[in-house]
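In what follows, a single structure is set out as structure tokens and then discussed.
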Protein chains: 2
Amino acid sequence: MNEVFKALADPTRREILRELRGGERTAGELAELFPLTKSTLSGHFAVLKAADLVQTEKRGTTVLYRLNTTVFQDVLIGLLGLFGEPDTHLKGESRP
Amino acid sequence: MNEVFKALADPTRREILRELRGGERTAGELAELFPLTKSTLSGHFAVLKAADLVQTEKRGTTVLYRLNTTVFQDVLIGLLGLFGEPDTHLKGESRP
DNA sequence: CTCCTATTTTGTTATTTCGCCAACTAACGA
DNA sequence: TCGTTAGTTGGCGAAATAACAAAATAGGAG
């Protein structure tokens, strides 16, 4: 979960995710959208992949990136954990 | 919004927010919960305050910190912006 | 096999971040 | 006023981060 928040901390990476809302894109297509080199973008892709925010598919010589919407739910739950009510009604300790 | 995500990127700061779910705490009370110096914690408080994630109230010689739940909504909307559907149904361009 | 094209990896540099200690300010009580 | 307690600020070093250029890898096309 820490990796997810760290990944979301960078504006470029958030913009990448925003672009992927429209559907899958190749690494090159994404790279063209930013005033950064391909290698820099490739590093950002790696961070997003490590955080499981994107999924990749290798098709021939290109790599497709797409959003992993499953993790969206995890982030939401994480946020609820930050701002929601403390779980005082639970039996066990939340932090033993 | 960038400051908010940056603030959430640090585990200590997220833990501070989690602690504040239980109600307001003084800077000293919060500092005791972490194996860090007061000055370090003070720095984290400043980041959280700059991101508008907490509100402060000076009472005598102590400073009370409390959660700013208003920003929670902003973060949610920001997340929906990242993972939700692109706003293709809107009239204007989203990025002119 | 050889040459492109697409992408990742590696090495380097500049900037930022996080932690500590020491010094400082502010409010209170004796 | 003097001393104490609560908290913030400034300076510094270590580690993480983000950017680039150049080299390396992997897949087709010919």
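Note on naming: letters A, B, ... go to the chains in the order of the sequence lines (proteins, then strands), and numbering restarts at 1 for each one. The figures here come from the full heavy-atom set of this structure, side chains too, leaving out hydrogens, waters and symmetry mates. Note that the structure is a prediction, hence the values are computed from the model and not measured.
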Is there a side-chain polar atom (N or O) of [X] under 4.0 Å from OP1 or OP2 of [N]?
X: Ser42(A); N: dT7(C); result: no
X: Lys38(B); N: dT5(D); result: no
X: Lys58(B); N: dA6(D); result: no
X: Arg13(A); N: dA18(D); result: yes
X: Thr40(B); N: dC20(C); result: yes
X: Thr61(B); N: dA27(C); result: no
X: Tyr65(A); N: dA6(C); result: no
X: His44(B); N: dG19(C); result: yes

| For Ala9(A) and Arg59(A), take the nucleotide of DNA chain D holding the closest heavy atom to each; which residue's nucleotide lies nearer the 5' end? |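 The residue closer to the strand's 5' end, by nearest nucleotide, is Ala9(A).
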For [X] and [Y], which heavy atoms make the closest approach, and how far apart are they?
X: Lys6(A); Y: Arg13(A); value: O-NH2, 3.3 Å
X: Ala51(B); Y: Glu3(B); value: CB-O, 3.7 Å
X: Tyr65(B); Y: Ala27(B); value: CE1-CB, 3.8 Å

| task | Answer yes or no: is there a donor N or O on one side and an acceptor on the other, between the side chain of Arg25(A) and the main chain of Leu30(A), under 3.5 Å? | result |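 Answer holds: no.
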| said: Donor-acceptor pair, distance only, cut-off 3.5 Å: does the side chain of Arg14(A) make one with the backbone of Leu8(A)? | reply: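 At least one qualifying donor-acceptor pair exists.
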Rounded distance in Å - [atom1] ([X]) to [atom2] ([N]):
X: Asp10(B); N: dT17(C); atom1: CG; atom2: P; result: 11 Å
X: Arg14(A); N: dA18(D); atom1: CZ; atom2: P; result: 11 Å
X: Leu36(A); N: dA21(D); atom1: CG; atom2: C1'; result: 14 Å
X: Phe34(B); N: dC18(C); atom1: CZ; atom2: C1'; result: 14 Å
X: Glu3(A); N: dA16(D); atom1: CD; atom2: P; result: 14 Å
X: Phe5(A); N: dA16(D); atom1: CZ; atom2: P; result: 21 Å
X: Arg25(B); N: dG7(D); atom1: CZ; atom2: P; result: 14 Å
X: Ile16(B); N: dC18(C); atom1: CD1; atom2: P; result: 11 Å

Need one value for [X]: base, sugar-phosphate or nothing, where a base atom within 4.0 Å counts as base even if backbone is also close, heavy atoms only.
X: Leu41(B); answer: nothing
X: Pro11(A); answer: nothing
X: Lys6(B); answer: sugar-phosphate

| Candidate list Asp52(A), Leu53(A), Leu20(A), test side chain to side chain contact (heavy atoms under 4.5 Å, CB included), partner Asn68(A), passing option |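 Of the listed residues Asp52(A), Leu53(A), Leu20(A), the side chain to side chain contact (heavy atoms under 4.5 Å, CB included) partner of Asn68(A) is Asp52(A).
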| query | Considering only dA6(C), dC20(D), dC21(C), which nucleotide approaches the side chain of Ser39(B) most closely? | reply |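 For the Ser39(B) side chain, the nearest candidate turns out to be dC21(C).
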